[in-house]
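Note that the structure is predicted; figures quoted are calculated from it, not measured. Counting starts at 1 for both ligands and their atoms, following the listed order.
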Amino acid sequence: MTTFELEAIGGPLARRLARRREEETFAWEELDPLSRHASAETARLAWTRSAFSEYASAAAFAEITAGLLAVGAPIDLTAAAADFVVDEVLHAELSARIAMGLGGAVPLEVDLARLVRPPSSRAPLLSVAEQVVRTSCVGESLTVSVLLEAKAASIGVVGEVIGRIVRDEAEHAELGWTFLDWAAERLSASDREHLARAAEQAIASFAPLFSAECAAPSALGLLSCDVFDPAFKLALSRRVLGPLASRGIVVAL
Ligand SMILES: [Fe+2]
Ligand SMILES: [Fe+2]
C-alpha cells in the first residue's frame with residue numbers, strides 16, 4: 001500500500017497534457033471561500049477518492065486498449081480507448097485540484113498494483129469484452145448519471161469541472177455499446193452469460209462506491225442520498241440493464 005499522490009515532471013510533457021484542457025481555465029480561486037463551507041471536509045475526502053477512481057479508470061482503459069489490440073479490433077475503437085486513458089488522467093488532475101482548493105487532499109492508502117480487477121476469462125475476446133462491460137457499460141454509464149445529478153446540485157467552478165468530466169464520460173460509456181455491437185457475431189450464448197455475470201459483479205461493486213459519496217446536501221459536488229438513490233436506480237435500469245439486455249446480456253438482479 002502507498003499514499004496516493006499525483007506528480008508531474010513539467011516541461012514539454014506537462015504542456016502536452018495541458019493541451020488536452022483545450023485552453024479551458026477554471027476559476028480555481030472560487031474554491032477558496034468554499035473551503036470554509038460546512039461540507040468542505042466531506043467534499044475533500046470525496047474529491048480525493050474521486051481523483052483515485054479516475055486514476056484507476058485510466059488503468060482500466062490502458063488494459064482495454066491492450067486487449068483490443070490483441071483481438072484486432074477496429075483501429076478507431078482502439079484509438080478511442082487509448083485516448084480515454086489521457087481523459088481519465090486529466091479527470092484525476094481536475095478532481096485533485098478541487099480537493100486542493102477546498103483545503104487539501106485527504107491522505108489515502110491505495111494499492112497501485114491492483115487498480116484493475118483481472119478478467120476471469122483467459123480467452124482474448126471474452127477477456128476484453130469482460131473488461132469493457134465492467135468499465136464502460138456499467139461503470140461509465142452509472143458515472144454519467146451520478147455526475148449529471150451532482151452537476152445540477154453544484155455551484156460555480158465545482159459544477160463547471162463536473163460538466164467537463166461528464167462530457168468525456170458519456171463517450172467512455174458509448175465505447176462499451178460500440179464494442180459489443182462490433183463483437184456481436186463473435187460472442188456465443190455462453191459468452192453472453194459470462195458477461196452477464198461480470199456485469200452483475202461490477203454493479204455489486206460499483207453501487208457501494210457511488211453511494212459512499214452521498215452525504216448531506218451540499219453545493220460541492222456531493223449528492224444528498226434522497227437524490228442519489230432514485231437517480232442510481234433509474235440509471236441502472238435505463239443506461240445499463242436495458243442496453244445490455246437488448247444485446248442478449250441479461251442480468252438478473
Ligand atoms: Fe473519468
Ligand atoms: Fe471515464
Side-chain angles (χ1 to χ4, degrees), residues 4 6 8 17-22 24 26 43 45-68 76-100 105 108 110 112 115-117 128-151 154 157-180 198-199 202-203 205-207 209-210 212-213 220-223 231-232 235-236 239-240 243-244:
F4 179 55
L6 295 177
L17 182 60
R19 281 205 298 272
R20 286 300 286 262
R21 295 191 198 100
E22 298 155 13
E24 264 170 317
F26 294 102
L45 176 61
W47 281 102
T48 306
R49 283 198 187 128
S50 163
F52 177 65
S53 99
E54 298 286 4
Y55 189 88
S57 296
F61 279 112
E63 296 210 356
I64 286 171
T65 303
L68 290 173
D76 44 1
L77 186 67
T78 308
D83 210 36
F84 294 172
V85 176
V86 186
D87 286 347
E88 301 295 10
V89 169
L90 183 58
H91 298 172
E93 185 197 348
L94 292 173
S95 300
R97 275 173 170 249
I98 292 195
M100 304 272 289
L108 202 63
V110 297
L112 297 181
L115 289 173
V116 183
R117 181 184 172 141
V128 71
E130 200 181 315
Q131 288 170 308
V132 168
V133 163
R134 218 187 277 150
T135 302
S136 285
C137 303
V138 176
E140 297 284 349
S141 300
L142 293 175
T143 302
V144 169
S145 298
V146 171
L147 287 183
L148 284 173
E149 294 289 340
K151 179 177 182 287
S154 296
V157 65
V158 178
E160 284 163 26
V161 168
I162 295 174
R164 172 66 183 78
I165 292 176
V166 79
R167 212 171 71 197
D168 293 334
E169 310 297 24
E171 287 185 21
H172 301 179
E174 202 51 46
L175 177 134
W177 311 119
T178 307
F179 168 84
L180 285 177
I203 293 162
S205 63
F206 277 114
L209 278 184
F210 284 122
E213 304 295 318
L220 303 181
L222 304 171
L223 273 184
F232 187 84
L236 186 57
R239 291 183 187 262
V240 179
L244 280 174

Q.
Is it the case that over 12 heavy atoms from other parts of the model lie below 6.0 angstrom from the CZ atom of Phe4?
A.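 Yes - once you tally the heavy atoms of other residues, nucleotides and ligands closer than 6.0 Å, there are more than 12.
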[X] side chain to [Y] main-chain N or O, any donor-acceptor pair under 3.5 Å?
X      : Y      : answer
Ser205 : Ala202 : yes
Arg134 : Arg117 : yes
Thr78  : Thr65  : no

Do you see an N/O/S atom of [X], backbone or side chain, under 2.8 Å from the Fe ion (ligand 2)?
X      : result
Asp168 : no
Glu169 : yes
Glu140 : yes

Q.
Looking at the Fe ion (ligand 1), is there an N, O or S atom belonging to His172 that lies under 2.8 Å away from it?
A. no
(Q) Can you tell me if, anywhere in Asp87, an N/O/S atom lies at a distance from the Fe ion (ligand 1) that is smaller than 2.8 Å? (A) no
(Q) Which atom name does Glu54 have for its N/O/S atom nearest to the Fe ion (ligand 1)? (A)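 Considering only N, O and S atoms, Glu54 comes nearest to the Fe ion (ligand 1) through OE1.
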Q. Hey, which N, O or S atom on His91 ends up closest to the Fe ion (ligand 1)?
A. ND1
Q. If you look at Glu88, which of its N/O/S atoms is nearest to the Fe ion (ligand 2)?
A.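 Answer by atom name: OE2.
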Q. Side-chain contact, heavy-atom cut-off 4.5 Å: Arg164 with Phe26?
A. yes
Q: Just say parallel, tilted or perpendicular for the rings of Phe61 and Phe84, cut-offs at 30° and 60°.
A: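 The rings of Phe61 and Phe84 stand perpendicular, inter-plane angle above 60°.
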